[in-house]
Undergrad: 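Here it is: the structure, laid out below.
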Amino acid sequence: GMSLSKLSQKYSGACTRMHEACDLMYESLHDNNGNPLTDVEPAIEVVTSCRKWLLLEIDLIRECVKEYKENESASNKFKT
């Protein structure tokens with residue numbers, strides 16, 4: 001099963017990657033000269049890409065906490 005410390009590690013990894021995604025989004029919303037993108041389509045593509053990445057990490061957190069709870073419930077069934 002998943003321990004509390006392993007669950008915390010999973011949360012940490014997902015949150016770290018979400019920070020990386022947001023940093024990359026900020027950088028990608030600027031051109032090579034540091035000027036912000038002014039065209040709608042490229043800006044939307046950057047935001048959409050970041051959103052997909054964030055949703056993947058959020059789903060990972062959901063699945064990890066569900067797995068932890070399922071394992072916790074299963075192990076409690078065998079305790080007397």
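The structure displayed is predicted, hence computed values, not measured ones.
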Undergrad: Find the distance between CG (Leu55) and CG (Asp59) and round it off to the nearest 0.5 Å.
TA: 6.5 Å

Undergrad: Give a yes or no on whether the backbone of Asn33 and the side-chain of Asp31 come within a donor-acceptor separation of less than 3.5 Å.
TA: yes

Undergrad: Look up atom CG in Leu7 and atom CG in Asn71, then write down how far apart they are to the nearest 0.5 Å.
TA: 10.5 Å

Undergrad: Measure the spacing between NE2 of His19 and CG of Leu54 and express it to the nearest 0.5 Å.
TA: 10.5 Å

Undergrad: Strictly distance-based, threshold 3.5 Å: is any side-chain N or O of Ser49 a donor or acceptor partner for the main-chain N or O of Val46?
TA: no

Undergrad: So, taking the atom named CG in Leu60 and the one named OH in Tyr11, what distance separates them when rounded to the nearest 0.5 Å?
TA: 10.0 Å

Undergrad: Looking at every heavy atom in both Leu37 and Ser28, which two are closest together, and how far apart are they?
TA: CD1-O, 3.4 Å

Undergrad: If I compare all heavy atoms of Asp39 with all of Pro42, which pair ends up nearest, and what's the gap?
TA: O-CD, 3.4 Å

Undergrad: Please report the interatomic distance SG(Cys64) to NZ(Lys10), rounded to the nearest 0.5 Å.
TA: 5.0 Å

Undergrad: What are the two closest non-hydrogen atoms of Trp53 and Ala21, and how far apart are they?
TA: CE3-CB, 3.2 Å

Undergrad: Is there a path of hydrophobic side-chain contacts, each under 4.5 Å between heavy atoms of I/L/V/M/F/W/Y residues, joining Met2 to Ile58?
TA: yes

Undergrad: Quick check for you: to the nearest 0.5 Å, what is the distance between Leu24 atom CG and Glu20 atom CD?
TA: 9.0 Å

Undergrad: Treating Ser8 as the side-chain partner and Leu4 as the backbone partner, does any N or O pair qualify as donor plus acceptor under 3.5 Å?
TA: no

Undergrad: Would you say the side-chain atoms of Thr48 pair up with the backbone N or O of Ile44, donor to acceptor, closer than 3.5 Å?
TA: yes

